[in-house]
Structure formats: C-alpha cells, structure tokens
Amino acid sequence: MAPSLTPIRSHHVAVIGAGAAGLVAARELRREGHSVVVFERQKQVGGTWIYTDHTEPDPLSVDPTRSVVHSSVYGSLRTNLPRECMGYRDFPFVVRSGVSKSRDQRRFPSHGEVLAYLQDFAKEFAIEEMVRFETAVLKVAPAVEEGTGKWRIESTEKEKKELRDEIYDAVVVCNGHYIEPRLAEIPGISSWPGKEMHSHNYRIPEPFKDQVVVLIGNSASADDISRDIARVAKEVHVACRSNAADTFIKRSGYSNLWMHSMIECVHQDGSLLFQNGKTISVDVIMHCTGYKYHFPFLETNGNVTVDDNRVGPLYKDVFPPEFAPWLSFVGIPWKVVPFPMFELQSKWIAGVLSGRIPLPSKEDMMIEIKTLYSTLEAAGIAKRYTHQMGITQFEYNNWLASQCGCPETEEWRKEMYFKTGARKRAHPETYRDEWEDHNLVSQAYQDFSLYP
Ligand code: FAD
C-alpha cells in the first residue's frame, strides 16, 4: 500500500488531568509532535492514586459547594488486577531493578505502589515539564470567534487568584470519574436518624468500632470495605440490588458479616428492613454505589451531555462527532483494564489530530452511535450501562490498535484478566496472594523483556 501523503499537522493541545489517563495522553500527543499543556489541580501526578487521610466535610459528597477531595482510595486498598495485566503496554508495571526495597513488590500491590509506578512513568517520559500543577480548569468552551475547532480554556492557579484565559486547538478530557457519587434511593431515609456516607469518604475501619454498618453495593469497594470494617465493627451487612429478594447469607470466615437483598425501607427509630424480611438497628449506611460522570467545566451548548450516566454522543467512547477531533475523552469505558486502554485511546487521538489516522464523517459517526443506542435499547440495557465493557473491551482495544497500527492486546493479558476475575469470585479473601496462572506470568515477563 502506498504511504499516506497527508501531511502530519502539529497542534496546541490541552489535557485536563494528570492521572493515569492524562499522563499517557500527554506522552502520546507529544510523541506525535503536538505541543501539550496538562492542567492538574493537585500538586502532583497520579490522580485517584494519591491517597489522603482527608475526606469531604459532607460525608455523602452531595453538596455542590463542598471542597472536593479527589481520591477515593482507602488505606487498605490493594489492586484488584495483577500488576502485569494492569500496567501500560510499553512501560510494564514490574518491580524495577535499582528501586528501593521499600517498594511493595507484591503482585497485587497497595495503592502506594501504583502511585509510585505512575510517578516513575512521568519521570521516564519527562511528563512533568508539560504539567501546570495546582491549576484548576474552570471552563472549556468552543472559541468560535477564533476559528472552527478552537477551544477557550479558563483556568486558575492556586496561589494567583486571577483567571487565565487561553485558546487551544484541541482539548483532551482526562478528569477521572470517581468523585461525583451515585446514591441508592432508600424509602424513609429523610427521617432516619443514623449516619449516611459514600465510600468516596471511607479511609480506615477504626471509626466503625462496635457499630452496626450496612453497605449498599456489590462492587470491588463494597467487597473490600465490608471485610475491612468487619475486623472492628459489631455487625456488617451488605445489601445489594442484584441479590434475590430472599438473600440472607453469612460470609464464611466471619462471625459478623452477612449478605442481604436490597433495603426495603428505614424507619425513624433507626431500624432498617431488608427485602428478605430481616430488621436490624443500624448506626451507619455506606453507599458503595459508584460514581457519575461529571464535567463541571465543559460548556458545549448541549452537544455533549450526561444522561443517566451516558456521556454522549461519543464515537467509540472518545470523540463527540460535533467537535471531532478537537474535543476528546480518555477513560470513559468501565469494567476494563484501564491503563492499557488509556494508552490506545491516547495514541488514536494523537494520530487523528495530526491527520495521520482518518475519522469517518460526522454523519457516519452519528449513524454508528445511534445504531449502538438502538442495540442497547433492544437488549433492554439501561443507558447507564452504555460505557460498561467487560468482555468486549479487548475487541475495542484491538480496533483501536488497528487504527494506530500497533499490536493487538497480548493473549496472556486477556487470559490473565479473565482468570483473575474467576478467582476473585471464587476466592475473594485470597485471590491477591494465591494464584495458579504462573504460565501467564512467565509469558508476560517474556514480553516485558522487550522494554528494558
Ligand atoms: P484520575 O486518576 O481520577 O485522574 C484525574 C485527574 O484529573 C486528577 O489528578 C484530578 O486532580 C484532575 N482534575 C480533575 N478535574 C480537574 C480540573 N477541573 N482541573 C484540573 N485538573 C483536574 N484501576 C486499576 O487498573 N486497578 C485497580 O486495582 C483499581 N482499583 C481502583 C480502586 C478504586 C477505589 C478506584 C476509585 C479506582 C480504581 N481503579 C483501578 C480505577 C482507576 O480509577 C484508574 O485505574 C485510573 O487511575 C483512572 O485514571 P484517570 O486519569 O482517568 O482519573
């Protein structure tokens, strides 16, 4: 095939956020020849992996005027993916020779090791020189008067109070999706006297000593936090919408941890009734019910909306057709292996912006999006699951890889993801310390030897 004659164009690109998504977006954009400014409101790279003891003053995190604490990481958190699977494709998450012995060398390490890995990544690729730290983006809007596709960004630095107003050719949004809590609806909650909170504000179990705690949810957080709290609490009960109405199961290995169906209602006297008919008196209800996509700075005249947690319209979860390729999002899909996917999305965005990789017409992108929406609707899948991938993530990654001209997802990574998931379901207590996929680990390390 004849090489493309399209000249490669370089653009001035703003990246919002220096978490795992923004770091790799910045690297790929610069590799492609774009000039990049990364806006980061915290004072270091790493996003949600920057653990802090601080929590928000509003334990449910619903007050729009609250001062936001970005991280949702709790003290005992260890990754739920093995490090070989989790890392960027060309910067493996391995224990590097020469790093301090104090680093957590476990296969499913603690949050601090993930942060250290992201810091290593930023250092290796000199990302920090592109980052404006302690600088919050307040507004992103089309700068129509400056020419088609341009964006106006208003930002403010912590120390200097004045607004900075700048024009960019393109914006890549990498602001993270674990700060704006979703809450379960509980009949009677307005007159219930107990304490309510969201897992976003959970850090350590000690404050729950001798208390009766009900957690809502069936995600990794509900699973981890219920076990964490059960070490000190009087009783821990997990309520879950997807459990059958008669569910009432004692967790093996614990004297004080039960699984239930969803909460039916709560009462003024502090009691709580589950759908399974059990009533208990409760001190704390913790919503481990996930988060909403939230782009408080983005002004698009209704061209990009969040509707029941569907961000749209987005072509391939990345480009809104109305603004493509000048506005893009990294990290929208969930139930995925995030870092390698961020890497592929970023490569695609960088190549599309430079004109090396073509995009379909606006109309064709819209047709594909509408077809996806109709397929979901016909299958009875609610809007809020639009960006859930799970099993389809590897097909998606391979499509991105084909656009970028890079190799598909490694077979070992796919298999490791599925095997870990199965082991986690079967052995939630021990899957992080005992495993059987030794052959996959060897294959991973063979691949990693390509990246000294
Ligand atoms: P973030 O890490 O949230 O980064 C976003 C950045 O944008 C932040 O630094 C923030 O300060 C900045 N920002 C936001 N708004 C603005 C603004 N207006 N102006 C300037 N800067 C802004 N993934 C795994 O791979 N393995 C795991 O085991 C795992 N466990 C997890 C456990 C928990 C409790 C949570 C919450 C997530 C977990 N994840 C895990 C998913 C994790 O979120 C992703 O791996 C990844 O870190 C997300 O990166 P991000 O860059 O999209 O977002």
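One-based numbering, in listed order, for ligands and for the atoms of each. Atoms considered below: every heavy atom in the structure, side chains included; atoms not considered: hydrogens, waters and symmetry mates.
For residues 408-434, the pairs satisfying ring pair (Phe, Tyr, Trp, His ring centres under 6.0 Å) are Phe108-Tyr431, Phe394-Tyr417, Phe394-Phe418, Trp412-Phe448, with sequence neighbours left out.
Using cut-offs of 30° and 60° on the angle between ring planes, the pair Phe295 and Tyr293 is parallel.
Annotation: salt bridge (charged side-chain N to carboxylate O under 4.0 Å, His left out) contacts of Asp53 (sequence neighbours excluded): none. Residues forming a side chain to side chain donor-acceptor pair (under 3.5 Å) with Tyr202 (at least two apart in sequence, or on another chain): Asp228.
Environment of CD in Glu395: sparse, with no more than 12 heavy atoms of neighbouring residues, nucleotides or ligands closer than 6.0 Å. Counting heavy-atom neighbours within 6.0 Å of Arg31 CZ, excluding the residue itself, gives a total above 12.
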Under 3.5 Å: N or O atoms of ligand 1 paired with protein N or O:
unit_1	atom_1	unit_2	atom_2	d
ligand 1	2 (O)	Thr48	N	2.8
ligand 1	3 (O)	His70	NE2	2.6
ligand 1	9 (O)	Glu40	OE1	2.6
ligand 1	9 (O)	Glu40	OE2	3.1
ligand 1	9 (O)	Gln42	NE2	3.3
ligand 1	11 (O)	Glu40	OE2	2.6
ligand 1	11 (O)	Gln42	NE2	3.2
ligand 1	18 (N)	Val137	O	3.0
ligand 1	19 (N)	Val137	N	2.9
ligand 1	21 (N)	Arg41	N	3.2
ligand 1	28 (O)	Asn80	N	2.8
ligand 1	28 (O)	Asn80	OD1	3.0
ligand 1	47 (O)	Trp49	NE1	2.8
ligand 1	51 (O)	Ala20	N	3.1
ligand 1	51 (O)	Ala21	N	2.9

